[in-house]
Amino acid sequence: MAAEFDSARFRHVLGHLPTGVVVVTGLNSVGEPFGITIGSFVSVSLEPPLVGFFPGLQSRSWPAIAEGKRFCANILSSAQADECWRFAKEPQEGGANRFDGLQWTKSANGMPVLPNSIGWIDCSIQSVTEAGDHWFVLGRVDHLHTTDSADEAMVFYKGKVAGVETSQ
């Protein structure tokens, strides 16, 4: 039976489900940093510790990150809209220039950690599977870290970025 909706309606309805925002970073085979904004990052398993995310099949940044066999998911705060959008659109020429002007550091696995991220998750790529118009990337968590930041986490909601308010 054919679906009774189009992709625009699908996107509109699913946009009502807030999702966390990360920038997945990595190094290509020659050590250049690459990154891509992801709004579909998910915990998959506690034992073993696995996470997953869904870059688009047409992404030019994801194949560069995949070359390095590892990635780091940088958890964005609501104050990092600039970083979110910097890594959201495909660059016209290469992807390493997205890091211009950023004073990033290295994770335990040597992957780029963005300044002011409220946490990061360092992973080794376990598998990459085609899923519709995206890839499903499964990563084994090697290291993770959170900061003592009081900043709210960033979420996508109805096509915009927002913060998650927590009550104490």
Side-chain angles (χ1 to χ4, degrees), residues 7-27 33-46 49-56 58-62 64-65 70-92 95-123 125 131 133-168:
S7 59
R9 176 76 176 148
F10 183 79
R11 177 178 231 157
H12 171 76
V13 171
L14 273 285
H16 287 73
L17 176 65
T19 59
V21 183
V22 301
V23 171
V24 170
T25 59
L27 303 174
F34 282 80
I36 185 171
T37 299
I38 298 290
S40 57
F41 191 83
V42 64
S43 169
V44 174
S45 169
L46 293 175
L50 300 172
V51 295
F53 67 96
F54 298 88
Q58 302 304 314
S59 171
R60 292 190 307 266
S61 299
W62 167 244
I65 294 169
R70 295 173 188 238
F71 65 87
C72 182
N74 293 262
I75 303 168
L76 298 187
S77 79
S78 60
Q80 290 181 284
D82 288 345
E83 288 85 349
C84 172
W85 299 118
R86 173 190 287 236
F87 290 94
K89 303 290 182 196
E90 287 293 339
Q92 295 302 314
N97 63 347
R98 289 177 167 170
F99 287 85
D100 289 352
L102 289 179
Q103 298 299 313
W104 57 276
T105 58
K106 290 185 178 182
S107 69
N109 279 350
M111 300 299 102
V113 173
L114 301 180
N116 303 313
S117 295
I118 59 176
W120 53 92
I121 306 164
D122 229 0
C123 301
I125 297 171
D133 58 2
H134 284 70
W135 297 107
F136 171 58
V137 179
L138 183 66
R140 170 89 185 226
V141 177
D142 299 322
H143 309 277
L144 35 79
H145 178 79
T146 59
T147 65
D148 292 329
S149 172
D151 289 342
E152 300 173 344
M154 179 183 288
V155 295
F156 279 132
Y157 180 66
K158 294 183 179 181
K160 296 181 172 60
V161 293
V164 174
E165 280 194 43
T166 57
S167 57
Q168 299 294 344

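Positions are given from 1 along the sequence.
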_Is it the case that the side chain of Arg98 and the backbone of Gly35 share a donor-acceptor pair, with hydrogens and angles ignored and the cut-off at 3.5 Å?_
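At least one qualifying donor-acceptor pair exists.
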
* So, does Ser45 use its side chain to make a donor-acceptor pair with the main chain of Pro49 at under 3.5 Å? ->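 Absent.
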
Any side-chain heavy-atom pair from [X] and [Y] closer than 4.5 angstrom?
X     : Y      : result
Thr19 : Phe41  : no
Phe71 : Val137 : yes
Arg70 : Ile125 : no
Val42 : Phe53  : no

Report, one line per pair, each donor and acceptor closer than 3.5 Å where one atom sits in a side chain of residues 74-84; sequence neighbours left out.
{"unit_1": "Asn74", "atom_1": "OD1", "unit_2": "Leu114", "atom_2": "N", "d": "2.8"}
{"unit_1": "Asn74", "atom_1": "ND2", "unit_2": "Val23", "atom_2": "O", "d": "3.0"}
{"unit_1": "Asn74", "atom_1": "ND2", "unit_2": "Thr25", "atom_2": "OG1", "d": "3.2"}
{"unit_1": "Asn74", "atom_1": "ND2", "unit_2": "Cys72", "atom_2": "O", "d": "3.4"}
{"unit_1": "Asn74", "atom_1": "ND2", "unit_2": "Pro112", "atom_2": "O", "d": "3.4"}
{"unit_1": "Ser77", "atom_1": "OG", "unit_2": "Ala79", "atom_2": "N", "d": "3.2"}
{"unit_1": "Gln80", "atom_1": "OE1", "unit_2": "Ser77", "atom_2": "N", "d": "2.7"}
{"unit_1": "Gln80", "atom_1": "NE2", "unit_2": "Pro115", "atom_2": "O", "d": "2.9"}

Gap separating the [atom1] atom of [X] from the [atom2] atom of [Y], nearest 0.5 angstrom:
X      : Y      : atom1 : atom2 : result
Ile121 : His143 : CD1   : NE2   : 13.0 Å
Met111 : Trp104 : CE    : CH2   : 8.5 Å
Met154 : Ser117 : CE    : OG    : 10.0 Å

- Query: Could you walk me through whether Ile65 and Ile36 pass the side-chain contact (heavy atoms from CB on, under 4.5 Å) check?
  - Reply: CA-CA 9 Å; Ile65 294 169; Ile36 185 171; 4.0 Å; yes

(Q) Applying the side-chain contact (heavy atoms from CB on, under 4.5 Å) criterion to Cys123, which one of Leu50, Val24, Leu138, Val51 satisfies it? (A)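 The single option meeting the side-chain contact (heavy atoms from CB on, under 4.5 Å) with Cys123 is Val51.
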
For Phe99 and Phe87, run ring pair (Phe, Tyr, Trp, His ring centres under 6.0 Å): C-alpha distance rounded to whole Å, both residues' side-chain angles, the deciding distance at 0.1 Å, then the answer.
CA-CA 9 Å; Phe99 287 85; Phe87 290 94; 5.1 Å; yes

Could you pull out all residues at least two apart from [X] that satisfy side chain to side chain donor-acceptor pair (under 3.5 Å)?
X      : value
Arg86  : none
Asp142 : Asn109, Ser124
Ser59  : Glu90

Sequence-distant partners of Thr147, side-chain contact (heavy atoms from CB on, under 4.5 Å), two or more places apart: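 Scan of Thr147 (side-chain contact (heavy atoms from CB on, under 4.5 Å), adjacent residues dropped) gives Ile118, Trp120, His145, Ser149.
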
Applying ring pair (Phe, Tyr, Trp, His ring centres under 6.0 Å), can you list everything that pairs with Phe54, at least two apart in sequence or on another chain?
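Phe54 satisfies ring pair (Phe, Tyr, Trp, His ring centres under 6.0 Å) with Phe136 only.
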
